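Below: the structure, in structure tokens.
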Amino acid sequence: MLRLPTDNPLRRLGRALFLVLCLAAGTPACAAAASPAPLLAFGARIAGDDARTRIIIDFDRKPDFAVHYVANPYRVLIDLPETDFGIKAEELEARGIFSEIRYGTMAAGRSRIVLTATRPVGVVLAEVQEEQGAASYRLVIDTAIVTGEVFQAQMEKQSWQEAAVPAGGEQPAVMLPGGKADGPFVIAVDAGHGGIDNGARGGVTKTEEKHVTLAFARELAAELNRLPGTRAILTRDKDEFLSLSQRVQLARSEGANLLISIHADTLKQKDIRGATIYTISDKASDSLAASLAERENLSDQIAGVAFVDEPAEVADILLDLTRRETQAFSINLAQNVVDKFKDEVLLINNPHRHAGFRVLTAPDVPSILLELGFLSNKDDEQLLVDPAWQKKVAGLIAGAVEQYRTAIVANGG
């Protein structure tokens with residue numbers, strides 16, 4: 001990590017006295033000496049998880065800055081005027097999305113902060129906030145993981161040269177690409193589990209849940225992409241681990257209008273079978289829903305990902321409970337799926353249930369979790385691995401999505 005010596009009041013006082021004496025003498029060297037003093041970055045904080053991370057840096061004066069992206073590895077560059085970094089190493093220690101954070105002088109009159117990410121990343125918000133009385137300023141950088149396509153679009157959109165000095169003036173907030181009113185209707189299809197997290201396992205075929213969900217997610221995405229004006233994306237398209245918060249953020253980074261998370265769990269009661277559709281709630285509808293939510297929410301721990309409560313100052317960048325309006329839309333979608341499944345796909349009793357599934361916590365994306373059936377039941381298991389059955393069920397879900405979308409448009413949504 002690059003760091004420069006910390007500035008201090010005596011150094012500033014000495015600089016000021018030197019300028020006064022120099023200007024009084026009228027020597028030519030005074031012109032250079034009278035140039036603006038470097039900015040002082042005197043404090044920093046970083047918080048977040050592997051899906052969203054916020055960085056806050058305190059300055060003695062208002063900083064001009066520019067944001068750029070570089071690939072191989074994925075990096076966010078924050079270019080600044082000449083800056084003295086009086087930041088303690090532990091204040092800006094890499095965490096969350098970032099594997100390394102470096103800062104220091106780039107060239108005469110220029111400094112840079114380099115944020116190296118583990119996955120494609122985008123800046124959701126970048127702004128300077130004035131402290132009370134303009135005693136100091138804080139640079140706030142909110143970042144989030146994005147898909148590779150979004151990162152590439154950011155790279156192609158930017159226009160800058162490595163040797164350029166950051167432009168003066170206030171830097172506007174930099175927002176990620178998102179859904180547009182006149183754009184396609186985007187559905188994020190989330191194949192549960194993956195990578196080190198195998199999920200459940202079939203009793204007869206020994207098929208792992210992560211493979212069942214990915215196969216079905218691909219089929220569902222194909223069916224959804226056949227609908228006019230619709231684009232389906234996969235949160236994962238291979239056998240890889242994604243944390244629950246990463247799944248949510250990938251959907252949001254694509255401006256998703258819906259998220260459908262696919263699962264096929266196991267139960268101790270092997271006679272229970274049939275599909276279930278879940279929406280989010282802070283209280284589970286029943287003991288089965290509570291048990292399944294608890295197990296699904298342990299996915300991160302299986303892979304060694306810890307969920308950490310953050311300070312109030314950065315709580316707004318983490319996942320909040322779903323807004324009431326979003327929850328209402330989620331319930332409508334769930335009911336549409338139940339209606340399409342009736343007489344076509346076996347459902348458990350009370351097929352629409354709710355619990356606190358963390359993968360459903362996007363505050364602005366209506367979301368459902370679909371348990372296709374139970375790998376613990378031999379009859380369900382036989383269907384779950386049958387491509388013909390997968391295609392049939394995927395078509396029914398696509399029909400439910402089209403019905404949902406039609407109703408939303410008709411109501412002016």
Side-chain angles (χ1 to χ4, degrees), residues 51 144 146-147 149-150 176-192 213-214 216-237 242 244-263 275-281 296 319-341 351-354 357-372 393-413:
V146 298
T147 60
E149 292 77 8
V150 170
L176 293 177
K180 298 180 180 179
D182 57 350
F185 190 78
V186 180
I187 302 102
V189 182
D190 174 51
T213 59
L214 182 56
F216 185 85
R218 287 170 173 162
E219 187 64 52
L220 177 56
E223 291 292 329
L224 290 168
N225 280 324
R226 292 189 180 97
L227 299 176
T230 301
R231 183 171 74 94
I233 63 164
L234 296 170
T235 57
R236 70 175 180 97
D237 58 4
L242 292 177
L244 299 173
S245 56
Q246 284 178 327
R247 296 168 188 272
V248 174
Q249 181 53 41
L250 285 172
R252 298 184 73 201
S253 76
E254 290 283 350
N257 301 97
L258 293 176
L259 181 144
I260 301 174
S261 189
I262 307 299
H263 292 262
T276 320
I277 299 88
Y278 290 95
T279 51
I280 196 168
S281 174
E296 295 296 350
L319 301 176
D320 299 322
L321 274 178
T322 306
R323 294 175 185 152
R324 291 184 180 180
E325 183 180 27
T326 303
Q327 186 177 23
F329 286 132
S330 302
I331 292 171
N332 288 341
L333 175 61
Q335 191 57 55
N336 284 349
V337 174
V338 170
D339 292 341
K340 286 291 184 181
F341 278 12
H352 176 203
R353 304 188 182 201
H354 51 264
F357 291 93
R358 281 185 55 208
V359 77
L360 304 181
T361 54
D364 49 2
V365 183
S367 308
I368 64 171
L369 185 146
L370 173 60
E371 286 281 356
L372 294 169
V393 176
L396 293 171
I397 297 173
V401 169
E402 180 67 3
Q403 181 179 329
Y404 166 90
R405 182 186 181 187
T406 300
I408 294 298
V409 171
N411 292 326

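Atom set for the values below is all heavy atoms of this structure, side chains included, hydrogens, waters and symmetry mates excluded. These figures come from a predicted structure and were not determined experimentally.
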Distance col, row N332:CG vs Q403:CD, nearest 0.5 angstrom, shows 10.5 Å

I'd like to check the ring pair (Phe, Tyr, Trp, His ring centres under 6.0 Å) partners of H263; sequence neighbours left out, ordered by chain and number.
H193

Between T279 and H352, does the side chain to side chain contact (heavy atoms under 4.5 Å, CB included) criterion hold? Intermediate values first, please.
CA-CA 8 Å; T279 51; H352 176 203; 3.0 Å; yes

For the residue pair A51 and S245, what are the closest heavy atoms and their distance?
CB-O, 3.3 Å

Taking C-beta and beyond as the side chain, do V401 and F185 meet within less than 4.5 Å on heavy atoms?
yes

Look at the side chain of N257 and the backbone N and O of V186, then say whether any donor-acceptor pair between them is shorter than 3.5 Å.
yes

Rounded to the nearest 0.5 angstrom, the CZ-OG1 distance for R218 and T213 is 10.0 Å

Across all chains, not counting sequence neighbours, the salt bridge (charged side-chain N to carboxylate O under 4.0 Å, His left out) partners of R231 are E254

Could you tell me the separation between the CD1 atom of I233 and the OG1 atom of T235, rounded to the nearest 0.5 Å?
7.5 Å

Tell me, do T230 and R405 make a side-chain contact under 4.5 Å, heavy atoms counted?
yes

Looking at every heavy atom in both P351 and V338, which two are closest together, and how far apart are they?
CG-CG1, 3.9 Å

Is the side chain of R247 donor-acceptor paired with the backbone N or O of L360 at a distance under 3.5 Å, no angle test?
no

Spacing of L227 atom CG and E402 atom CD [to the nearest 0.5 Å]:
5.0 Å

Atom pair CD1 (I368) and OG1 (T276), whose distance is rounded to the nearest 0.5 Å
11.5 Å

Could you check V189, L396, L370 and say which one makes a side chain to side chain contact (heavy atoms under 4.5 Å, CB included) with L220?
V189

Test item: S253 side-chain N/O and V146 main-chain N/O as donor-acceptor pair under 3.5 Å:
no

Does some side-chain heavy atom of S261 sit less than 4.5 Å from a side-chain heavy atom of V359?
yes

Indicate yes or no: at least one non-hydrogen side-chain atom of L244 is less than 4.5 angstrom from one of F357.
no

Considering all heavy atoms of both residues, which atom of T326 and which atom of D364 are nearest to each other, and what is their separation?
OG1-CA, 3.8 Å

Give me the atom names and distance for the closest heavy-atom approach of S330 to S367.
OG-N, 2.9 Å

Going by the angle between their ring planes, with limits at 30° and 60°, are Y404 and F329 parallel, tilted or perpendicular?
perpendicular

Do the side chains of R353 and S281 get nearer than 4.5 Å, heavy atoms only?
no

Which heavy-atom pair separates A221 from L234 by the least distance, and what is that distance?
CB-CD2, 4.0 Å

Sub-4.5 Å side-chain heavy-atom contact between I331 and Q327
yes

Minimum-distance pair of heavy atoms, taken over all atoms of L224 and A398
CD2-CA, 3.8 Å

Residue pair E223 / I397, side-chain heavy-atom distance below 4.5 Å
no

